[in-house]
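We name chains A, B, ... by the order of the sequence lines, and we start the count at 1 in each one.
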Number of protein chains: 2
Amino acid sequence: MNIGQAAQASGVSAKMIRHYEAMGLIPQAARAYSGYRHFLERDIHNLRFIRRARAAGFSTAQIKKLLSLWQDRQRPAREVKQLATEHLTDLKARISELELIAQALSQLVEQCHGDERQDCPILDTLAGQDDRAKKFLELHGTSHPRIRSKLPMKK
Amino acid sequence: MNIGQAAQASGVSAKMIRHYEAMGLIPQAARAYSGYRHFLERDIHNLRFIRRARAAGFSTAQIKKLLSLWQDRQRPAREVKQLATEHLTDLKARISELELIAQALSQLVEQCHGDERQDCPILDTLAGQDDRAKKFLELHGTSHPRIRSKLPMKK
DNA sequence: CTTGACTTTCCAACGATGGGAAGGTTCAGC
DNA sequence: GCTGAACCTTCCCATCGTTGGAAAGTCAAG
């Protein structure tokens with residue numbers, strides 16, 4: 001199997017297969033005489049595993065651990081559960097932060113009449129000139145309201 | 001005001017102030033004879049505006065528009081509201097995706113006994129060998145389950 | 001005049017992914 | 001055997017927002 005077929009079969013793009021190889025997430029693929037990589041069923045399974053783990057939002061660092069745990073038949077389920085739990089905690093924290101933002105923004109959008117007039121509570125709030133959204137500013141204005149994201153981008 | 005004081009006063013790091021200037025989000029700062037930038041109250045207001053907008057998860061492209069709307073006293077609130085609404089829609093979509101993932105992962109974590117035994121539904125699911133989490137795979141395994149994130153990273 | 005705290009610019013990295021160039025390989029059709 | 005299409009290779013660059021650092025210049029206090 002060449003890399004294109006492996007990509008097709010696994011759902012991981014050829015680009016990313018090379019990338020995963022380069023970063024050591026998967027072992028160096030065997031090469032044909034020509035230099036072409038070739039892949040076996042076993043590699044496809046690995047790639048599918050990675051695709052699912054990425055879909056679940058695990059970082060490549062976490063996936064590396066998951067893969068080695070997967071390959072180690074002696075591993076205790078405890079370790080896997082711990083890793084997944086940590087990720088889940090991250091996910092929930094991120095959801096909470098996003099929800100806080102969405103809630104505040106939602107409120108502002110509701111309060112904005114949105115017609116041809118010039119006054120707009122959204123801008124006023126961003127400018128710090130509006131007390132109506134004081135909560136929003138307190139929550140997200142002064143501290144570090146950035147949102148951690150381990151999850152990949154969608155186009 | 002030098003850049004350090006502007007950073008202090010606005011809550012935007014000096015690094016980012018330079019970056020925002022370089023990318024055209026804020027106008028080129030006035031320079032002292034020495035080459036040092038100096039900032040006025042007006043600039044600080046701009047920077048605070050940007051900080052709050054970033055906190056609300058707006059992209060720099062969106063903030064650029066918001067800033068120009070803010071400066072334009074003739075702008076209709078309609079435009080601001082539309083921009084905010086689009087962002088809110090994005091936020092909600094992202095939250096939904098994260099919640100789907102969290103839900104599925106949560107279920108798997110619950111099903112994993114997490115002791116010294118070797119069998120683990122989490123790994124089995126990632127490996128595609130477990131039907132218990134069929135839903136999860138259907139939702140996130142075959143399509144493009146990546147999560148768009150316009151929001152900045154937290155360290 | 002020295003020292004330390006500032007500032008400047010430039011270059012690089014993160015993480016996951018995609019785009020594309022320049023060149024080599026394989027295979028089918030003629 | 002030759003040609004062209006469709007593959008493959010490596011390498012560089014871009015995204016997005018942010019941070020880090022290096023090398024050099026500036027300022028103010030001692």
Chemist: Rounded to the nearest Å, what distance is computed from the CD1 atom of residue Ile63(B) to the P atom of nucleotide dC16(D)?
Modeler: 13 Å
Chemist: Nearest to the Tyr20(B) side chain among dT18(D), dC8(D), dT17(C), which nucleotide is it?
Modeler: dT18(D)
Chemist: Within the modelled atom types, does a donor on one side and an acceptor on the other bring the side chain of Lys15(B) and the base of dG21(D) under 3.5 Å apart?
Modeler: yes
Chemist: Between His19(A) and Ala32(A), name the one whose nearest nucleotide on DNA chain C is closer to the 5' end.
Modeler: His19(A)
Chemist: Calculate the interatomic distance between Gln62(B) atom CD and dG17(D) atom C1'; express it in whole Å.
Modeler: 14 Å
Chemist: Would you give the length of the straight line joining atom SG of Cys112(A) to atom CZ of Arg78(B), rounded to the nearest 0.5 angstrom?
Modeler: 10.5 Å
Chemist: dT8(C), dG18(C), dT19(D): which one has an atom nearest the side-chain heavy atoms of Met16(B)?
Modeler: dT19(D)
Chemist: In residues 33-47 of chain B, what residues come within less than 4.0 Å of DNA chain C, judged by heavy atoms?
Modeler: Gly35(B), Tyr36(B), Arg37(B)
Chemist: Going by the side chain to side chain contact (heavy atoms under 4.5 Å, CB included) test, name the single residue among Val12(A), Asp43(A), Ile50(A) that passes it with Ile26(A).
Modeler: Ile50(A)
Chemist: So which nucleotide from dC8(D), dT18(D), dC10(C) ends up closest to the side chain of Ile3(A)?
Modeler: dC8(D)
Chemist: Can you check the Asn2(B) CG to dC27(D) P distance for me, whole Å?
Modeler: 9 Å
Chemist: Using atom CD of Glu21(A) as one end and atom P of dA16(C) as the other, report the distance to the nearest whole Å.
Modeler: 17 Å
Chemist: Report the distance from atom CD1 of Ile122(A) to atom CD of Glu110(A), rounding to the nearest 0.5 Å.
Modeler: 11.0 Å
Chemist: Within this structure, what is the CD1-to-P distance between Ile50(A) and dT17(C), rounded to whole angstrom?
Modeler: 10 Å
Chemist: So, do Leu123(A) and Phe49(B) sit near enough that their side-chain heavy atoms are less than 4.5 Å apart?
Modeler: yes
Chemist: In whole Å, I'd like the distance from the CD1 atom of Ile17(A) to the C1' atom of dC7(D).
Modeler: 14 Å
Chemist: In whole Å, I'd like the distance from the CZ atom of Arg31(B) to the P atom of dC27(D).
Modeler: 13 Å
Chemist: Restricting to non-hydrogen atoms, name the atom on Ile95(A) and the atom on Ala102(B) that form the minimum distance, rounded to 0.1 Å.
Modeler: CD1-CB, 4.0 Å
Chemist: Please confirm whether the shortest side-chain N or O distance from Thr60(B) to OP1 or OP2 of dC16(D) is below 4.0 Å.
Modeler: no
Chemist: How many angstroms lie between atom OG of Ser13(B) and atom OH of Tyr20(B), to the nearest 0.5 angstrom?
Modeler: 7.5 Å
Chemist: Indicate the atoms forming the closest heavy-atom contact of Phe58(B) with Gln62(B), along with that distance.
Modeler: CA-OE1, 3.4 Å
Chemist: Looking at the side chain of Arg18(A), which of dG18(C), dC8(D), dT9(C) is the nearest nucleotide?
Modeler: dC8(D)
